[in-house]
Number of protein chains: 2
Amino acid sequence: MNDLKATRPGGRSARIQQSVHNTVRNLIETQGRESLNVPLIAQAAGVTPSTIYRRWGDLAQLLSDVALERMQPDAAPVSTGSLRGDLEVWIEGYIEEMTSDVGRTILRDILSSPKIENADACANYMRQQFDIMLERAAERGEEVPSSDALINHLFAPIVYRLLFASSPPNLAFARELIDEMMVTGKSCEPSNS
Amino acid sequence: MNDLKATRPGGRSARIQQSVHNTVRNLIETQGRESLNVPLIAQAAGVTPSTIYRRWGDLAQLLSDVALERMQPDAAPVSTGSLRGDLEVWIEGYIEEMTSDVGRTILRDILSSPKIENADACANYMRQQFDIMLERAAERGEEVPSSDALINHLFAPIVYRLLFASSPPNLAFARELIDEMMVTGKSCEPSNS
DNA sequence: CCCTTAAAGCAAATTATTAGCTTTAATTCC
DNA sequence: GGAATTAAAGCTAATAATTTGCTTTAAGGG
């Protein structure tokens, strides 16, 4: 289910990865993210600190991995019968989840790893969700924008504000972006080839 | 020039802040950002480590401050006689600067502070640049989009890809966004009130 | 089953960070 | 202008985090 490309993924390694990930999530819940450090996590997870340092390198990388796991969709987007409806429901859920301090921290944690892999994986998760909605709409015969258009003009502005704005994006903002989206720029979008 | 809201900004404090900031920039140039740590910076800057810990809290905050300083525009955008031209030149410069590994790291560093202030300040710098271009265009009598529209549909997609895409945005991508921008959605944009 | 080896445990050495106290120098108040 | 005041830096000792070398465990392959 996860990025277990480890050379020896059987049993113990996977067990420890799970244990550490779960421990981090629990500690974030109970103690808050600010107070986390490697020795604390190690003790709570019942492993030795050097295990964490050797597998993840540092706290930032571990938090990034845990945050990425949280961004992985657990289901296909709710189907409402129209692209517009699908987008509204999905974006509503996304904004609800991500405008909290916890949510914004998740995004930052993903980006705080020096490796770009996690950020890229996160973007791909989101794109997949959009693609499902677009494919459904296309099957219904709706005239649909490209997934690039969706990302450029709907998703990117929301993420930009989540990351950079002192006041997070709200539902009204998202709905206006959807409105524009459904009127203009259905296709012929840049694909950054 | 900077966020010197310190209660005692005279002489020494400012000197030390400058010295530390300069040292960080130099060390990033010469040693690379990965190898940086607080004791190293302190020694190179000729201060004691506890000074850095007390003023900045930790390395992430210091790097965030230095990165923010780099994002501060040193001049008004080049004036070309048209909004489109201004945008093209400015975005071209921005992309050239930010698509390098160093550039992308600057953005991430700004976001890696737990305080959102620096990210907000960064967004404001950029908005000011756009506002200058828009005001010029309005004075010339051009029909102009809102700065929100510019941020949502031109700048946000570029930043999104800088942060999340394994392959960074290129000039062609930016030009296509500008093209769309100049044709559709001149006004009535969401302002996230 | 045994052999090989990736990954975990353990402990010592190193390095980073914090905290208490002293000193310096910027600001304030005569 | 010259003390008095105090924010911020320096210094050092204590504490905590990280790295490293070696040992042990257990997964994967003959």
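Lettering follows sequence order; numbering is per chain, from 1. Owing to the predicted nature of the structure, the values given are computational and were not obtained by experimental measurement.
Between the side chains of A:Asn118 and A:Ser64, at least one donor-acceptor pair of N or O atoms lies under 3.5 Å. Defined by atom type and a distance below 3.5 Å, a donor-acceptor pair is present between the side-chain atoms of A:Gln61 and A:Asp65.
Going from atom CD1 of A:Ile52 over to atom C1' of C:dA7 covers 14 Å, rounded to whole Å. For the pair A:Ile16 CD1 and D:dA26 C1', the interatomic distance rounds to 11 Å; values are reported in whole Å. A:Trp56 places its CH2 atom 17 Å from the C1' atom of D:dT19, with the value rounded to the nearest Å. The nearest whole Å value for the distance from the CG atom in A:Leu62 to the C1' atom in D:dA17 is 15 Å. Atom CG of A:Leu59 is separated from atom P of D:dT19 by 12 Å (rounded to the nearest Å).
Looking at B:Thr48, its side chain never comes within 3.5 Å of a backbone N or O of B:Thr51 through a donor-acceptor pair. A donor-acceptor contact shorter than 3.5 Å is absent between the side chain of A:Ser19 and the backbone of A:Arg15. At least one donor-acceptor pair under 3.5 Å links the side chain of B:Arg55 to the backbone N or O of B:Ser13.
With contacts defined as side-chain heavy-atom distances shorter than 4.5 Å, the pair A:Phe164/B:Val159 qualifies. Side chains of A:Leu177 and A:Phe155 form no contact here, defined as non-hydrogen atoms less than 4.5 Å apart.
Listed by first and then second residue, the side-chain hydrogen bond (donor to acceptor under 3.5 Å, both in side chains) pairs involving residues 129-141 of chain A are A:Asp86-A:Arg136, A:Asp131-A:Ser147, A:Arg140-A:Glu142 (not counting sequence neighbours).
A:His21 NE2 to A:Leu68 CG: the interatomic distance, rounded to the nearest 0.5 Å, is 9.0 Å.
When the side-chain nitrogen and oxygen atoms of B:Arg15 are compared with OP1 and OP2 of C:dA26, one or more of them lie within a distance under 4.0 Å. Between D:dA9 and B:Arg55, a contact under 4.0 Å exists linking OP1 or OP2 to a side-chain N or O.
For the segment residues 35-51 of chain A, residues with any heavy atom less than 4.0 angstrom from an atom of DNA chain D are, sorted by number, A:Asn37, A:Val38, A:Pro39, A:Ser50.
Along DNA chain C, the nucleotide nearest B:Arg54 and the nucleotide nearest B:Asp58 are compared for position; the residue whose nucleotide lies closer to the 5' end is B:Asp58.
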Tabulate protein N/O versus nucleotide N/O from nucleotides 22-24 of chain C, keeping only pairs under 3.5 Å, one per line.
from   : atom 1 : to      : atom 2 : distance (Å)
C:dT24 : O2     : B:Arg12 : NH2    : 3.0

